[in-house]
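The structure appears right after this line, and notes come after that.
Order of the sequence lines fixes the chain letters, A, B, ..., with proteins taken first and strands second; residue numbering starts at 1 for each chain.
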Amino acid sequence: MDYRVKLPIYEGPLDLLLFLLQRDELDIYDIPIARITEQYLAYLDLMQELNLAVAGEFFVMAATLMEIKSAMLLPRAEVPAGGEMEDPRAALVAQLLEYQRYKAAAGGLASREQEQSLKFPAGGDGRFSQEAPLGESLFVLIEALQDVLARAPEERDVVPGLRGPTLEEQIDAVRERLKAAGGRLRFEDLFEGSRIVVIVTFLALLELLRTGECRVRQDRTFEEIWIYPTLALV
Amino acid sequence: MDLPNAGAGVNGDDAERDLPLKNAVEAVLFVSPDPLPLKKLGRIVGASPDELKAVIAELRAEYEGRGVELAFVAGGYRFFSRPEYASWAKQVLPVEKAPRLSRAALETLAIVAYRQPVTRVQIEEIRGVNSDAVLKTLTDRKLVVTDGREDVPGRPFRYRTTKQFLHYFGLTGLNDLPPLEVSSEEE
Amino acid sequence: MDLPNAGAGVNGDDAERDLPLKNAVEAVLFVSPDPLPLKKLGRIVGASPDELKAVIAELRAEYEGRGVELAFVAGGYRFFSRPEYASWAKQVLPVEKAPRLSRAALETLAIVAYRQPVTRVQIEEIRGVNSDAVLKTLTDRKLVVTDGREDVPGRPFRYRTTKQFLHYFGLTGLNDLPPLEVSSEEE
């Protein structure tokens, strides 16, 4: 295990929840809290295994989810007479809805950014910037990684004593793969080898996304994820 | 008085009076390093807002269907190459060091834009995650600035968007932002 | 390959093939920070010199009598505001830090321009005065550069003018310099 760099995540627990809800087309007003909690915790585990710098807020949210889950199990008989019991999910739903509004607004800004980035002022005052450092949500990538990991051979199948690649080595390897691929590279084609190699490769990819050397794009949910080198590599 | 490159920049020269206002506006907008507000443009070429508006409409029509367009951005007028020709145009331009904004940055920026002035804590309440690093990036890129402090314990900084923000997104002004979606609860 | 944010900037796109070459040339020349030589322009927009010349002639005609003109300067094409509108245009430009050239500098520059490559001693023979400081100024402003050394005792530097010199004076090339006046002695 020779990867110690903790990569920061800028997306928060609300992103993860919205991602899970949207992925399974669940109703935000009627969140199946047990199911969502289970999936949320699985993601949290994987993020820790990846050695990502998981913010404290993720654990706070985990606790909140478990709290809501147990509150949902309270017998309905405790509803005060005449009154309606408040849904234990209400506060979370309100928070998600509020957050969703700003996410939508951010989407609007992104398309304006895209449009504006194609216009240059007269007289050589212009600059053109490279593409977004990360085209898709981190959780889309983690989701895809889960599929890859499911197919990766277990550690015991790997020759013992062989040192795994370091993050630095794997960053160079991913760069080479991208260069060799020319136009774009299928996300899953990037990975080969044991679980640990897959994980280090994934971290290498995240690092390259962070520095803007490449970006990823998924045309539609569930469709292929592609990795594109940015100009820095070309 | 017939010095061609007058220099003093007085607008009432005899020679200059005969030059078409439209051309003067075109020349000034072409060389300006920033979008020019109508007022400033008027002061420079010595024309009223109504005259200017008519001339700008004429110019816009003339540039219709061309490689260049006259746009109104961040409160002023400026010529830009049209987006269709971007892949060629950018080949003569230096590459900007700053990459496009990340999702987290865009999100934070959206919150600042719609809720300004807003404190970091207020932003984090909405995003549900620490936003220190993101705010630093946005501040470094001059898309947001601190604007005084909130009158609450701790006196935290309040953030607002900048003119550079309008520029970056090609917005006329803050009222050019699309209305924030009504949360579906209220629908 | 339906990536909307493509960015790769390849010129062979289907959509791009339908865009008028004239507009592409206009957009590229508009945003370019430097005059673009025909060759480079051709590489960018993917057109032959003949095609480009035709398109440039068209553009020049369209900009006739306007506030902006398409000029050929320092070996390349670039849009400039027309000199008649300078007194307005300069009001929006940042004040140039470098002051106008002194008479001594202009004189020295003229000698370098017409006699290049030329050594300091040769310049001083003509001007009859020490020209060290002036040459330093001109070098700092990148209007002249040293270009090897003269093969005489002391191996003094030889000076010549730069592309920046052509720019500064709006010259197409060195052969665009007006012929040197015949000295009055010979009249």
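Distance check, rounded to the nearest 0.5 Å: CD of A:Q100 to CD of B:E181 gives 8.0 Å. The CG atom of A:L138 lies 9.5 Å from the CZ atom of B:R103; values are rounded to the nearest 0.5 Å. Atom CD of A:E98 and atom CD of B:E125 lie 10.5 Å apart (nearest 0.5 Å). We find the CG-CD distance between B:N130 and A:E57 to be 6.0 Å, quoted to the nearest 0.5 Å.
When only modelled atom types and interatomic distance are considered, A:E113 and B:Y168 share a side-chain donor-acceptor pair under 3.5 Å.
Among B:P179, B:G170, B:A104, the residue with the largest count of heavy-atom pairs under 4.5 Å with chain A is B:G170. Contact count versus chain A (heavy atoms, under 4.5 Å) is highest, among B:L29, B:L177, B:D176, B:V73, for B:D176.
Looking only at side-chain heavy atoms (C-beta outward), B:F169 and A:E115 stay at 4.5 Å or farther from each other. A:Q95 is not listed as a side-chain neighbour of B:I126, based on a closest heavy-atom distance of 4.5 Å or more. Taking the side chain as every heavy atom from C-beta outward, B:R127 and A:Y102 never approach each other to under 4.5 Å.
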Problem set entry | From CA spacing to verdict: side chain to side chain contact (heavy atoms under 4.5 Å, CB included), A:R112, B:L171 | CA-CA 8 Å; A:R112 296 223 55 143; B:L171 295 164; 3.6 Å; yes
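Chain A is approached within less than 4.5 Å, heavy atom to heavy atom, by no residue from residues 148-163 of chain B. Residues from residues 103-111 of chain A that place a non-hydrogen atom less than 4.5 Å from a non-hydrogen atom of chain B comprise A:K103, A:A104, A:A105, A:A106, A:L109, A:A110, given in numerical order. Using non-hydrogen atoms only and a strict 4.5 Å limit, the part of residues 109-122 of chain B facing chain A consists of B:L109, B:A110, B:I111, B:Y114, B:R115.
By the salt bridge (charged side-chain N to carboxylate O under 4.0 Å, His left out) test, B:E69 is found to be paired with A:K119, B:R82, residues two or more places apart in sequence or in another chain being considered.
Residue A:G12 comes nearest to B:V129 through the heavy atom pair CA-CB, 3.7 Å, listed as atom of the first residue, atom of the second, then distance.
Heavy atoms of other residues, nucleotides or ligands lying less than 6.0 angstrom from CD of B:E62 number more than 12.
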